[in-house]
Engineer: 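Take a look at the following structure, please.
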Number of protein chains: 2
Amino acid sequence: MTVQTQATLAVSTVIFALRPDAESDFKTLWLPLVRRTREPFLDQWALPGGGLPADEELATAAARTLRETTGLTPKYLEQLYTFGDPGRSPGGRVVSVVYWALVESGEAALAVEGGNVEWFPADRLPELAFDHNRIVEYALWRLRTKVEYSRIAHAFLGETFTLAQLRDVHEAVLQKPLDPANFRRTVESSGTVVDTGERVAGARHRPPRLYRYNDSVRSVDLGPLGPSIG
Amino acid sequence: MTVQTQATLAVSTVIFALRPDAESDFKTLWLPLVRRTREPFLDQWALPGGGLPADEELATAAARTLRETTGLTPKYLEQLYTFGDPGRSPGGRVVSVVYWALVESGEAALAVEGGNVEWFPADRLPELAFDHNRIVEYALWRLRTKVEYSRIAHAFLGETFTLAQLRDVHEAVLQKPLDPANFRRTVESSGTVVDTGERVAGARHRPPRLYRYNDSVRSVDLGPLGPSIG
DNA sequence: TAAGTAAAGGTCAGTGTGACTCTAACTGGT
DNA sequence: ACCAGTTAGAGTCACACTGACCTTTACTTA
């Protein structure tokens, strides 16, 4: 006796990784897309996602469909927006709860590339199915303007990292060079990272310190539920 | 032949207005709640909202249900978050796309108060139906921390306003006093308001200028679609 | 006409940031 | 064994922004 609306509920995920890019001075943001295997938009590229099962939490469904289609496990996952225009999908109406996620480079390399999954640079995408181009556009904007992006940058990195690596992430997201000295000053005084005491060996220069993300400094802009995946 | 999930889709709206408050030095945020007329949570207070009709845009449905139950037409309406925990509603699963809105004081006074609609101060709410307390909490946080809050403050005011009125809004949202001189400097140099050339008559002091919101300076954080109601 | 009040315009000191310089510490090549 | 090259990492300086505070202006009411 539940009221049935005629809309289908789906979840999708925009997930970013960082890759070197011949076209840019910096690393750039890439994202995996999935080729559609049925109508509508047969054979076109689309965001990974799927229908919402009856008893599954939204974020969980997003993470699961992402894992099933691409093999990726994001380090950061947050709700982005819900798209529900009648007419955004030919055929029945689809309301999509879209998540955005970040994955570290090592993990990204393990993705099940080939076949129906392929990585694309975020600012040079093909024409996607549905309104997915607009969705990616918005996710990019959110990533770049997120006040707290300095707190989530480490999601692109491993457990420990050098300040140069962290700076690389920021430069990639913002697509502009950052002064190393100023960057160091800002990050160190913000308290978001902790010196592990260790250093990287085997470099051809002074060995840089290794830092770890400071968990005790919690970000605030994580939605009402916090990040769904740690 | 559409895939039917077993979830019901609904929209709700958290809408704020500004009111004088005996408990506070500043005006405070108030919001209208609706008494439920059926199970679950019969007779408890809840956010205005309703089911999503098959062919209605999400924001439009939010605005319509708000108007139908409270008589309010918001000046600002933006998507807040989508809540979809299985178990957030006893009975069938409900996925709620929640909007948050602002209404100017004059409009707020016209609301169909009494009966099943009543205004409550945002920080002293009764126990609400479903997870609505948490939703209001999050909407409050969004309002207060919104980087662009200076751009939406005028949604509480009429077409023209004095800087003192605008300052009142900011003080109410932030619940702390602001230096009039510094406030003026910041606002004037930001370009968000325009001097109309007119002044308010009949005050018991130097007559203040009337300002108008500068439409050409558009906010950026309006979601992928921009504000749904102008 | 004096008193009271808020608008409106200013000063000043502290803070954070960008641009830049300089030194330290390592490696690889000769 | 030493020099050249490289990056880490510390420091300096000027400038913009902000909070606190002061002064003047313009109006109303008693």
Side-chain angles (χ1 to χ4, degrees), chain A residues 20 25-27 144-151 153-154 157-158 160-212 214 217, chain B residues 20 25-27 144-145 147-151 153-154 157 160-212 214 217:
Chain A
D25 289 343
F26 314 104
K27 291 184 180 179
R144 295 208 165 108
T145 61
K146 193 158 171 72
V147 205
E148 302 286 334
Y149 79 86
S150 57
R151 300 277 172 83
H154 77 289
L157 301 169
T160 60
F161 46 86
T162 67
L163 285 190
Q165 289 175 319
L166 187 62
R167 179 161 44 84
D168 268 1
V169 173
H170 285 241
E171 289 186 335
V173 171
L174 302 173
Q175 287 288 301
K176 69 177 182 187
L178 298 174
D179 184 289
N182 294 337
F183 183 78
R184 163 179 307 278
R185 182 179 55 190
T186 308
V187 170
E188 279 181 343
S189 66
S190 75
T192 46
V193 298
V194 180
D195 191 342
T196 61
E198 291 170 72
R199 284 168 181 270
V200 177
R204 64 168 67 84
H205 49 74
R206 182 175 180 171
R209 295 174 199 275
L210 273 176
Y211 291 84
R212 184 187 310 279
N214 184 358
V217 183
Chain B
D25 290 342
F26 313 103
K27 291 184 181 178
R144 295 208 164 109
T145 60
V147 206
E148 301 286 335
Y149 77 87
S150 57
R151 300 278 173 82
H154 77 289
L157 301 168
T160 60
F161 46 86
T162 67
L163 284 190
Q165 288 174 320
L166 187 62
R167 181 162 42 85
D168 268 0
V169 174
H170 285 241
E171 288 185 336
V173 171
L174 302 173
Q175 287 289 299
K176 69 177 183 187
L178 298 173
D179 183 288
N182 294 337
F183 183 79
R184 164 179 307 278
R185 183 178 56 188
T186 308
V187 171
E188 279 182 341
S189 65
S190 76
T192 46
V193 298
V194 180
D195 191 343
T196 62
E198 292 168 74
R199 282 167 183 270
V200 177
R204 65 167 66 81
H205 49 73
R206 182 175 179 172
R209 297 173 197 275
L210 272 176
Y211 290 83
R212 184 187 309 279
N214 184 358
V217 183

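In what follows, every heavy atom counts, from backbone to side chain, and hydrogens, waters and symmetry copies are set aside.
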Engineer: If you take all heavy atoms of A/F161 and A/H154, which pair is closest and at what distance?
Structural biologist: CE2-CB, 4.2 Å
Engineer: Report yes if a side-chain nitrogen or oxygen of B/R184 is closer than 4.0 Å to either non-bridging phosphate oxygen (OP1 or OP2) of C/dA8; otherwise report no.
Structural biologist: yes
Engineer: Closest-nucleotide mapping onto DNA chain C: is B/N182 or B/R167 further toward the 5' terminus? I mean the 5' end.
Structural biologist: B/R167
Engineer: Return the value, rounded to whole Å, for the distance between atom CZ of B/F183 and atom P of D/dT18.
Structural biologist: 13 Å
Engineer: Where the side chain of A/P208 is concerned, which of D/dC21, D/dG9, C/dA7 is the nearest nucleotide?
Structural biologist: D/dG9
Engineer: Which heavy atom in B/T192 sits nearest to a heavy atom in B/S190, and how many Å separate them?
Structural biologist: OG1-OG, 2.9 Å
Engineer: Could you state the CD-C1' distance from B/E171 to C/dA6, rounded to the nearest angstrom?
Structural biologist: 14 Å
Engineer: Is the shortest side-chain N/O distance from B/R209 to OP1 or OP2 of C/dG9 below 4.0 Å?
Structural biologist: yes
Engineer: If you take all heavy atoms of B/L178 and B/F183, which pair is closest and at what distance?
Structural biologist: CD1-CD1, 4.1 Å
Engineer: Between A/R199 and A/P207, which heavy-atom pair has the shortest distance, and what is it?
Structural biologist: NH1-O, 2.6 Å
Engineer: For A/L210 and D/dG9, what is the distance between atoms CG and C1' respectively, to the nearest whole Å?
Structural biologist: 15 Å
Engineer: If you measure only the distance, is there a donor-acceptor pair under 3.5 Å linking the side chains of B/Y211 and B/E188?
Structural biologist: yes
Engineer: Within less than 4.0 Å of OP1 or OP2 of C/dA8, is there a side-chain N or O belonging to B/R199?
Structural biologist: yes
Engineer: In whole Å, what is the span from the CG atom of A/L178 to the C1' atom of C/dT17?
Structural biologist: 12 Å
Engineer: Whole angstrom is fine here: how far is it from CD in A/E198 over to P in D/dA8?
Structural biologist: 18 Å
Engineer: Would the base of D/dA8 count as contacting A/R206 through its side chain, where contact means a donor and an acceptor less than 3.5 Å apart?
Structural biologist: yes
Engineer: For the atom pair OG1 (B/T160) and CD (B/Q165), what is the distance rounded to the nearest 0.5 Å?
Structural biologist: 8.0 Å
Engineer: Choosing from D/dG19, D/dA10, D/dA26, which nucleotide comes nearest the side chain of A/E188?
Structural biologist: D/dA10
Engineer: NA contact type, B/A181, heavy-atom cut-off 4.0 Å: base, sugar-phosphate, or nothing?
Structural biologist: base
Engineer: Could you please name the option among D/dC27, D/dA8, C/dG10 that lies closest to any side-chain atom of B/H205?
Structural biologist: D/dC27
Engineer: Can you tell if the side chain of B/L166 reaches within under 4.5 Å of the side chain of B/H170, non-hydrogen atoms only?
Structural biologist: yes
Engineer: For A/T162 and B/T186, take the nucleotide of DNA chain D holding the closest heavy atom to each; which residue's nucleotide lies nearer the 5' end?
Structural biologist: A/T162
Engineer: Ignoring hydrogens and geometry beyond distance, is the side chain of B/R185 in donor-acceptor contact with the base of D/dG19 at under 3.5 Å?
Structural biologist: yes
Engineer: If you fit an axis to the five pairs at each end of the helix from C/dT1-D/dA30 to C/dT30-D/dA1, how big is the angle between those two axes, to 10 degrees?
Structural biologist: 0°
Engineer: Round to a whole Å and report the spacing from CG of B/D179 to P of C/dA8.
Structural biologist: 14 Å
